[in-house]
Protein chains: 2
Amino acid sequence: MSLATDTADQPTLYKRIRADIEKRILTGEWPPGHRIPFEHELVARYGCSRMTVNKALSELAQADLIERRRRAGSFVRRPQHQSAVLKIADMRAEITSLGRAYGYELIGRKLRAATAADRDRLGVKKAGKVVAITCRHSADNVPFAVEDRLIDLASVPDAATADFSREPPGSWLLHHVPWTEAEHTISAIVADDRTAEALDITVGAPCLVIDRYTWRSARTITAVRLLYPGDSHRLVARFKGG
Amino acid sequence: MSLATDTADQPTLYKRIRADIEKRILTGEWPPGHRIPFEHELVARYGCSRMTVNKALSELAQADLIERRRRAGSFVRRPQHQSAVLKIADMRAEITSLGRAYGYELIGRKLRAATAADRDRLGVKKAGKVVAITCRHSADNVPFAVEDRLIDLASVPDAATADFSREPPGSWLLHHVPWTEAEHTISAIVADDRTAEALDITVGAPCLVIDRYTWRSARTITAVRLLYPGDSHRLVARFKGG
DNA sequence: CACGATTATATGTCTAGACATATAAGTCAA
DNA sequence: TTGACTTATATGTCTAGACATATAATCGTG
């Protein structure tokens, strides 16, 4: 039998190049406007032919994550649409890209055996352990969103010992577990006592809710609910049509 | 000197192949499930190398227009409702795709000179005429969404005489004015008296708001606000990662 | 300094191969 | 009929080149 390696099964080379770059963009390590390495530099780094690098970059361009300019190079695009809004897993990147100061605060963290509700939320059947995290993100010291997250320890055992008091769980996950698929559900609720206090709004005020469920090759990773003040936050998505 | 030919300037070969196939899919000539010619057949038809054909097909696959299966071939995908949620301009299609009966009701229609608020909402400066429409969409006879729409008559003069008592303005526009670009803003509000009555919910209940602003080569067409009951409606978006 | 011409360079497209791999389809035995 | 094995084949990935083309940078001239 074969044990899963640390970095899991290696996809093809061009996919690895694509994922490497995508990760740096999504985590904000390479911010909008940043010039990514030239093709010939990536060729040298990965020891492959130019066509392989080109394929990776072409796909990123098709996904509107980067913009390619002849003679100048390839540049990270500013998040502007569908992909950005719903793909962004890193709140820090979302807030700093708005030109605001990012703040983070851990409210609660519990390690427990998965309850029936937990299993339902994660979409798993077997009872295992989970980490439940509640935290708050702020922009310019104003509450921006509260996050209520569940991580399946069967898929991400390291999360049991990770320190979420400094690093938001979204960022931590992004750096430790490359995501493959996600589903978002957007809805609206009115703030209850707990939410109102966390977001510093009045009870009964509208809130935008984003539920994101993330998995990786049929393996559940995390389920997160983000609550935004409904009257101050906007999700903007822009499309080009045919 | 050169006159523009009928088909305009020829793009690169792989783009032509891609466009040829895309057209047949979008016109329905090749319906969902249809098997696209094998790569080697396209190679023969276009007289190019396999890599060129492969690039065209790979891009179509990345755009989720086709699905590629080893040994079997490439097949036209059925338009998936998932990531299309925000693209869908036709409420009837949205509701019937959920397997529910669609209902439509015109609540109000006014033709007027654009007020300052109208101009602001449409993002135009010149004072012109607009049509303001309020209507309701229902699913299985339950209110599904109320629509509040403004159409710029300077861009769509025919809208002045269109009969919106039977056909929803969204559908009418879709058939009369091909859209090119749209911007969506998603937020949350609580229902006021008027909204509560229209959606048959209680005052203060949460509502999901989608503001869609549509234009066509820098020309404003329409601005629409859709209000959904926040606790019953869900916007689902699903993505595949690297 | 302003502006046009030249050059260098990064990306854009393409080829003619190669081997890998998943899997539909066929073959054969229990 | 069913299951296990084999084979054929279409796609998946990759290479080491080539020439095209747009354009940032540089150079030269008025």
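Chain letters run A, B, ... following the sequence lines, proteins first, then strands; residues in each count from 1.
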Qualifying residues under ring pair (Phe, Tyr, Trp, His ring centres under 6.0 Å), relative to B:W172, sequence neighbours excluded: B:F164, B:H176

Residues in side chain to side chain contact (heavy atoms under 4.5 Å, CB included) contact with A:Q62, at least two apart in sequence or another chain: B:R18, B:E59, B:Q62, B:A63

Length of the line joining B:R35:CZ and D:dT9:C1', which is rounded to integer Å: 12 Å

Got a list of side-chain donor-acceptor pairs under 3.5 Å for residues 150-158 of chain B, not counting sequence neighbours?
residue	atom	partner	partner atom	Å
B:D152	OD1	B:A154	N	3.0
B:S155	OG	B:R219	NE	3.2
B:S155	OG	B:T220	O	2.5

Non-neighbouring partners of A:E39 that pass salt bridge (Lys or Arg N to Asp or Glu O under 4.0 Å), sequence neighbours left out: A:R50, A:R68

Heavy-atom protein contacts under 4.0 Å, nucleotides 10-15 of chain C, coded B base, S sugar-phosphate only, - none: BBBBBB

For A:R109, all residues meeting salt bridge (Lys or Arg N to Asp or Glu O under 4.0 Å), sequence neighbours excluded: none

